Each structure stands twice: as structure tokens, then as C-alpha cells.
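What follows is a single structure, written as C-alpha cells, with notes after it.
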Amino acid sequence: MRIPLVAGNWKMNGSLSSTQELLAGIKQGIGAIGAGVECAVFPPFVYLAEVERLLGGTVIGWGAQNVSEQQPGAFTGEVATAMLLDFHCTYVIVGHSERRTLYGETDAIVARKFAAARKAGLTPVLCIGELLEERERGVTEEVVARQLDAVLELEGIEGIEEAVIAYEPVWAIGTGKTATPEQAQEVHAFIRSRLARHDAAIAAATRILYGGSVKGSNAAELFAMPDLDGGLVGGASLNAQEFLTIAKGA
Ligand code: PEP
């Protein structure tokens, strides 16, 4: 039984006061969502302390958007896994397409970040997905398999057992273009089958989120697909009502 997860990736947005306002709105409505869906937010690093203060003792989880693969030391501008644990993060996103395309994170770097997170006891949310040009060339499965295999080779299928996967077609992120439920389902089923080549039970238990312009108006039809176990939500997660409507859709 996979409990859907609705995860809000705030990206580099917000302020201290908007963080307080957004979390107040989410906390106010979360009671109506029920125990069948898990919700978590992913603020910028600097707001983690405030998020912990405001969400501690609630059913809403939190995590970071990125982490270093290094142990604490001379790595200016980086944040170590131990620092995320100081703020009681449960999750950390690794390999978001913006990290891959804008900051040059390769499959190997992402795999090392995944390993560091897992070693620290954090749950990695591994983002994978193809560019528009790759979809048009018909290599979506090849790309997703390569990104997944980089982690499987380093961590084994046991590593995935403790993780969440987010399929995020890059052409749908922040563009307003959403994959159709059928397009998303096709890739989610492929990801699960790829995991099942290693271990059928782990494949069946792994949560695979969809990300890419999920909104209150399209969440329910996306999440109705059998291999979609919730969503990684960017823009719409900055509005409490939208985020809650998406969670209801799960
Ligand atoms: C994301 O940032 O992971 C994302 C899916 O963004 P958006 O929902 O805005 O497309």
C-alpha cells in the first residue's frame, strides 16, 4: 500500500513573512485532507528553522531542495546532510532538473548526493525526467533509465527502498504544460518495471510522484492513474488553497 505524497517545492521563492502566511494557510486546511495522503514542503535552506518551528508536532513534513554530497568542510556555499538533520528534515530533493540543467549536476553527482542523503538517514526524493527534445526524439525511456541506473549502480535496489522517485518531464516544469495522465502513467509504469527487474516487491512499494505544472484543476485526474503516487509541485505549492486542493486530489 503506497501512501501518496504531495510535496511542495518552493524553489527560490518566498520571504520570512510569506513562509509564515503560507504555512498558516496549509495548517488551517490540512485537517480536511485525511490520513490517506502525506504532505511535505521544501523551502529554501534559510527558512528551514522557521518551517521546523511552525510545523513541528503537525502531520506536515519538510525537507530541503538540495544537499551536498560532501561531509562538512571547506565547501563554500554548500549545505551538508548533518545540517539538514539539525532542522529535522525528513526529505531532501536530489537531481531536480533545474540543478541538472542550470548547475551542471550530472547523473554521477546526483547519485552521490542520493547516497549521502540516505547514509544520513534522510529520504531522498530523486527527480528524473526528459527534455522536450529528448521526448521528440523518442528517447524518454532511455533518458529516465540512465538517470535511474546511475543511482541503482551506486546504491543498489535497497537504496531505492528508502527513497521516493519523482518523474518530472522537464518540458512540463514551470511551463503550464502538463503531461496527460496517460503520458505520465506510461513513464511511471516504465520506471516501476525498471525497478522490478531488480526486486518486484521494492518496485511495487516505491512511491513515484509526478511533477510538471500540477494544479488543483488537474491533480485528481493525474493521481487517478495507477502508478502515480502523488506529486512534486512547484508553482502551485506557493498558494495554500491550491496546495490543499492538490492534496485532496491525491
Ligand atoms: C518542480 O519544481 O518540481 C515543478 C514540478 O514545478 P511546477 O509545478 O511549477 O511545474
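Remember, predicted model here, so these are calculated numbers, not experimental data. Whatever order the structure lists ligands and atoms in, that order sets their numbers, starting from 1. Positions are given from 1 along the sequence.
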query: At what distance is the nearest protein heavy atom to atom 8 (O) of ligand 1, and which residue and atom is it?
result: Gly234 N, 2.8 Å
query: Nearest protein heavy-atom contact for atom 5 (C) of ligand 1: which residue, which atom, what distance?
result: Glu168 OE2, 3.1 Å
query: Nearest protein heavy atom to atom 1 (C) of ligand 1, by residue and atom, and its distance?
result: His96 NE2, 3.2 Å
- request: Please work out whether any backbone atom (N, CA, C, O) or any side-chain heavy atom from C-beta onward of Ile173 is under 4.0 Å from ligand 1, and answer side chain, backbone, both or neither.
  value: both
message: I'd like to know if the side chain of Asp107 reaches the main chain of Ala150, judged simply by a donor and an acceptor atom lying under 3.5 Å from each other, with no hydrogens or angles considered.
response: no
Sidechain-backbone polar pair: Arg192 side chain, Thr206 backbone, donor-acceptor under 3.5 Å: yes
- request: Decide whether an N or O pair under 3.5 Å exists between Ser213 and ligand 1.
  value: yes
Gly174-ligand 1 polar pair, N/O distance under 3.5 Å: yes
query: With a cut-off of 6.0 Å (strictly less than), are more than 12 heavy atoms of other residues, nucleotides or ligands near CD1 of Ile3?
result: no
query: Atoms of ligand 1 less than 4.0 Å from Gly212 heavy atoms?
result: 5 (C), 10 (O)
message: Regarding ligand 1, does Val233 bring an N or O atom to under 3.5 Å of one of the ligand's N or O atoms?
response: no
message: Any salt bridge linking Arg135 with Glu130? Criterion: basic side-chain nitrogen under 4.0 Å from a carboxylate oxygen.
response: yes
query: Using a heavy-atom cut-off of under 4.0 Å, does the side chain or the backbone of Ser237 touch ligand 1, or both, or neither?
result: neither
task: Could you tell me the residue and atom name of the protein heavy atom closest to atom 9 (O) of ligand 1, and the distance to it rounded to 0.1 Å?
output: Gly235 N, 2.9 Å
message: I want to know if ligand 1 touches Glu98 in the polar sense, i.e. an N/O pair below 3.5 angstrom.
response: no
query: Taking Leu209 as the fixed residue, which of Leu228, Val6, Val164, Val233 is the one that meets the side chain to side chain contact (heavy atoms under 4.5 Å, CB included) rule?
result: Val164
query: At a 4.0 Å threshold, what atoms of ligand 1 neighbour a non-hydrogen atom of Ala172?
result: 10 (O)
Euclidean distance, Ser213 OG relative to Glu168 CD, rounded to 0.5 Å: 10.0 Å
Glu182 side chain near Gln185 side chain, heavy-atom distance below 4.5 Å: no
query: Quick one: does His96's side chain get under 4.5 Å of Asn66's, heavy atoms only?
result: no
